[in-house]
Amino acid sequence: MKLSNCGRERAQAAVRAHVVGYSGCGMTEFNELGRDAPPARSRWRQLEPPVTVRAYIAQQWHDLLAVDIDDETHELRVEMPPVTDANGVDLISHRVLPPSLYQAPPGTL
């Protein structure tokens with residue numbers, strides 16, 4: 001089967017997206033680079049050690065690990081519970097929460 005230039009470019013983009021997580025030409029891929037990148041460090045501070053907070057997500061309260069804080073807005077970057085992929089690898093995603101969606105123990109942040 002012979003591909004046109006457009007078809008060839010789309011096929012190459014699909015291979016790049018699958019192999020290296022590259023998202024080009026408007027494609028969306030699960031493994032996009034930067035999707036789970038930490039926030040810009042100009043105003044974010046890493047919490048050492050990470051702090052367990054109560055976070056309101058999906059209409060329920062959950063205990064999650066906060067790993068970064070924005071000192072200006074008091075937003076937290078929290079680790080979501082790991083999800084195991086088809087190869088048995090644990091994938092850990094992060095979410096940024098505004099102060100209205102979390103409760104931290106007094107004096108921890």
Side-chain angles (χ1 to χ4, degrees):
M1 177 168 105
K2 187 172 182 176
L3 294 175
S4 66
N5 281 344
C6 182
R8 189 175 303 115
E9 290 172 11
R10 286 184 181 170
Q12 290 170 345
V15 169
R16 282 194 307 270
H18 179 72
V19 173
V20 297
Y22 175 78
S23 177
C25 301
M27 293 180 62
T28 303
E29 183 70 27
F30 178 74
N31 293 327
E32 277 186 50
L33 294 176
R35 175 178 285 184
D36 196 31
R41 290 288 179 195
S42 60
R43 57 182 207 192
W44 288 83
R45 173 175 51 93
Q46 188 172 9
L47 295 172
E48 286 295 332
V51 177
T52 300
V53 297
R54 297 279 297 155
Y56 192 73
I57 297 175
Q59 300 178 348
Q60 292 183 349
W61 288 97
H62 304 273
D63 289 328
L64 298 176
L65 199 59
V67 293
D68 295 300
I69 186 167
D70 181 331
D71 288 321
E72 293 175 14
T73 64
H74 300 289
E75 293 176 321
L76 287 182
R77 181 171 177 254
V78 297
E79 286 185 356
M80 299 300 292
V83 176
T84 304
D85 71 0
N87 297 320
V89 176
D90 283 343
L91 305 174
I92 299 175
S93 62
H94 295 83
R95 210 176 259 190
V96 174
L97 298 177
S100 61
L101 296 181
Y102 70 84
Q103 299 171 345
T108 57
L109 303 176

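- Put simply, the side chain of Val53 does not reach to within 4.5 Å of the side chain of Thr108, judged on heavy atoms.
- Tracing side-chain contacts under 4.5 Å through hydrophobic residues (I, L, V, M, F, W, Y), one reaches Ile69 starting from Met80; they form part of the same cluster.
- Between Asp68 and Arg45 there is no salt bridge, since no side-chain N of the basic residue sits under 4.0 Å from a carboxylate O of the acidic one.
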Self-check item: Pair Tyr102-Val51, side-chain contact (heavy atoms from CB on, under 4.5 Å): steps then yes or no
Solution: CA-CA 12 Å; Tyr102 70 84; Val51 177; over 6 Å; no
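- Remark: the backbone N or O of Val89 is not paired with any side-chain donor or acceptor of Asn87 at under 3.5 angstrom.
- Minimum heavy-atom separation, Pro98 to Glu75: CA-CG, 4.1 Å.
- Here the closest non-hydrogen pair linking Gln60 and His62 is O-CD2, 3.3 Å.
- Looking at heavy atoms from C-beta onward, Pro81 lies in side-chain contact with Leu64 at the 4.5 angstrom threshold.
- Note that the CG atom of Leu47 and the CZ atom of Arg77 stand 11.0 Å from one another [nearest 0.5 Å].
- Leu65 contributes atom CG, which lies 10.5 Å from atom CG of Leu76 (distance to the nearest 0.5 angstrom).
- For the pair Tyr56/Gln103, no side-chain contact is recorded, criterion being any heavy-atom separation below 4.5 Å from C-beta on.
- Of the inter-residue distances, the one linking His74 atom NE2 with Leu109 atom CG reads 9.5 Å to the nearest 0.5 angstrom.
- The shortest heavy-atom contact between Trp44 and Val96 is CH2-CG1, 3.8 Å.
- Within the 4.5 Å cutoff, the side chain of Arg54 has heavy atoms near those of the Asp63 side chain.
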